[in-house]
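What you see is a predicted model, and the numbers here were worked out from it, not measured in a lab. What you see below is based on every heavy atom in this structure, not just the backbone, and it leaves out hydrogens, waters and symmetry mates.
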There are 2 protein chains.
Amino acid sequence: MLETPAPLVPRATPATLDDVAKMAKVSPITVSRVINRPELVSEKTQKKVRNAIRKTGYVPNMLAGALVSQRSRLVIVVVPNIANRAFVDTIGQLGQRLAQARYQLLLSQSDLDASGESGLIDAILARRPDGIVLTRRLQSAEARDKLIARGVPVVETWELAEQPIDTVVGFSHEAVGRAMAGHIVERGHRRVGLVWSDDDRATRRRLACVEALRAAGVEVVACEFERVPVDMGNGREAMTRLLKAGVPMDAVICSIDLLAQGVMAEAQAHGLRVPEDVAVMGFGNLEFAAHTHPRLSTVNVDGGRIGLRTAELLLQRIEGSLGRGVQVEDVGFSLVVREST
Amino acid sequence: MLETPAPLVPRATPATLDDVAKMAKVSPITVSRVINRPELVSEKTQKKVRNAIRKTGYVPNMLAGALVSQRSRLVIVVVPNIANRAFVDTIGQLGQRLAQARYQLLLSQSDLDASGESGLIDAILARRPDGIVLTRRLQSAEARDKLIARGVPVVETWELAEQPIDTVVGFSHEAVGRAMAGHIVERGHRRVGLVWSDDDRATRRRLACVEALRAAGVEVVACEFERVPVDMGNGREAMTRLLKAGVPMDAVICSIDLLAQGVMAEAQAHGLRVPEDVAVMGFGNLEFAAHTHPRLSTVNVDGGRIGLRTAELLLQRIEGSLGRGVQVEDVGFSLVVREST
DNA sequence: CTGTTAGCGCTTTCAA
DNA sequence: TTGAAAGCGCTAACAG
């Protein structure tokens, strides 16, 4: 090694493109090309430039690059809260596919922003991302209008928005509710308790579920609501209340697996057998659902597929090959029947 | 409402500071001040400017602002994977505190980046964040050296790094391992199985734990390793193997609560009583640990406190009131004894 | 309290 | 295949 390595003590001024250019004895634009479009530069020049980059410890300034090129190569994903495991696969696939296309994925936790949805969207737009992915619904019309006015590519996921901002990749929560009801009816249960989280999407599943149960002559004997974010503890508490109330029931449907897990634990702590004494069903097919004792019946959503399709459509929107607000894709869902029902 | 609202159709060119300035009949810098330092502008002028901002639908371009001011008001947090719930509270508190100080927190999932740690760090530095928080250890010396050379404020969390990049907020994994061993010894167990994830930090807990067990004359009869990321299913599988091997044991210590949860489920599926037949202990005090049946004994780390202290120290580093590499803060941990041991 | 001047670091466009 | 000139949108520094 004859090269001088990059200095390990912070420099007063980090190296710029010009510094690299001077050292390599080329013009700044040539350095830029080596980094962004190396196919336009001769091997020999590339070598000189890469050497200079290494020696100076140069790291491109994408603020400057994005400012002039109007492309940030940044996609921001809004998640309600990273504790929500529903979106793990979606984000994984999305990020991987975008990385292949040289886009960087950064996550913004929406519940961090005290200024509300509108402020959150402003903060995101201020970074000039090339695309935005929403895993939650924007309630505020103001926030939605801002996105529309900007014209930035947006994909709404995990539901089928009725008035989409732009592109949509999701599934019908109403259809899920009906499918859950159908399964419980099929299993011959007649008196059902509900343990439900109190958010927009869960509510849509619940309304459809209750309607379908009633249509089949099944009685909904109780409904416990839990504020989001819910956890397993909420499930146990809800089941405690249900058992204390003494209303006889042969099944409990939950808005989400976490609650179902808590409901099962509490039932067992009371000596009840699942599913013989009481069947339990969840939604989400979270990782643990396959491994509880007994294993939990639930509804599976292919989050990875949502992520992949979102990436594809977002890239098409960014490149302009897909129009805005044109595509609404339903990825569906499936019932996962295990031991708890 | 006499105002013209921002247009709902994407404009050819989004409004700039100059557009706002012209409409409000002030200079651009005044608009900038209204946004960033309103205390320097008279009420009357502010009103004019805010009106113009609303009418034009102006959203500041932080790329441009950061470029000239050398402050991006952006902090990037590196998480191994958002499925890892250990960091939820840390990120929540960190983000909230930073938001108060007008910094935006964005998350970067490190396992998304195929180019390795060095490429990940380059991608992050290219956005010129004012600070970086690491929730995982950087293995590559190259990546660490890049951060050092840049001089950007960095806080390493969730462990006490031996050769810190800059500031540290964490706890000793060795001390945790010894505490777990101590608890099992105290409970009178003599033959212990281990179910462990195969990562750097977990390994440090295990080595210390095993050493302490042996020192107390407790026999380690088996050790099952699981590749990260682990889940509850890995715990069940490991316990299946342990039971199949037929080696008698009276306790199982796990590297993480998820594995412990799986171990308990499998033990129960085999008709074993926890803790009478076999005690089970985890680490992390994940949300479900308080709600399993029986409730799980574990080790609690105050992730929220780590987040808060990280925010404070990072802000001090950014403002220059704290020197680089000066502070190493140990937030400790605590044993949480419940029903499973 | 408000404005003028200059330039952050990079890429676009056009030219050689 | 390489370079020169111009300017993206904003704020620091200074002046009034």
Gap between atoms CD and P, on B:Glu43 and C:dC1 respectively (whole Å): 10 Å
Value rounded to 0.5 Å, distance of CG in A:Leu94 from OG1 in A:Thr310: 6.0 Å
Under 4.0 Å from OP1 or OP2 of C:dT12: is there any side-chain N or O of A:Gln70 that close? no
Mind checking what makes salt bridge (charged side-chain N to carboxylate O under 4.0 Å, His left out) contact with A:Glu312, not counting sequence neighbours? A:Arg97
A:Gln46 CD to D:dT1 C1': how many Å, rounded? 12 Å
Write down the distance between NZ (A:Lys48) and C1' (D:dT2), rounded to a whole number of angstrom. 10 Å
Whole-Å distance, B:Lys47 NZ to C:dC1 P, equals 15 Å
Checking side chain to side chain contact (heavy atoms under 4.5 Å, CB included) for the pair B:Ile306/B:Trp158: CA distance, chi angles, key distance, verdict? CA-CA 7 Å; B:Ile306 292 180; B:Trp158 277 79; 3.8 Å; yes
The residue, B:Leu40 or B:Arg128, whose nearest nucleotide of DNA chain C is more 5′ is B:Leu40
Shortest non-hydrogen pair, B:Asp122 vs A:Val59, comes out as O-CG1, 3.8 Å
Throw together a table of side-chain donor-acceptor distances under 3.5 angstrom for residues 23-39 of chain A, partners on residues two or more places apart or in other chains.
from, atom 1, to, atom 2, distance (Å)
A:Ser27, OG, A:Thr30, OG1, 3.3
A:Asn36, ND2, A:Ser32, O, 3.3

If only side-chain N and O atoms of B:Ser27 are considered, is one of them under 4.0 Å from the OP1 or OP2 phosphate oxygen of C:dT4? no
Would you say D:dG3 has OP1 or OP2 under 4.0 Å from some side-chain N or O of A:Thr30? yes
Report yes or no: do A:Glu142 and A:Ser118 form a side-chain donor-acceptor pair below 3.5 Å? yes
Rounded to the Å, how far apart are B:Lys22 NZ and C:dG3 P? 14 Å
What's the CG-P distance between A:Asp19 and C:dC8, to the nearest Å? 11 Å
Could you write nucleotides 11-16 of chain D as a row of B, S and -, 5' to 3', where a protein heavy atom under 4.0 Å of any base atom gives B, of only sugar-phosphate atoms gives S, and otherwise -? BBB---
Rounded to whole Å, please give me the gap between CG in B:Asp18 and P in C:dT4. 12 Å
Rounded to whole Å, the CG-P distance (B:Leu67 to C:dT11) equals 12 Å
Candidate list B:Arg144, B:Arg137, B:Arg136, test salt bridge (charged side-chain N to carboxylate O under 4.0 Å, His left out), partner B:Glu156, passing option: B:Arg144
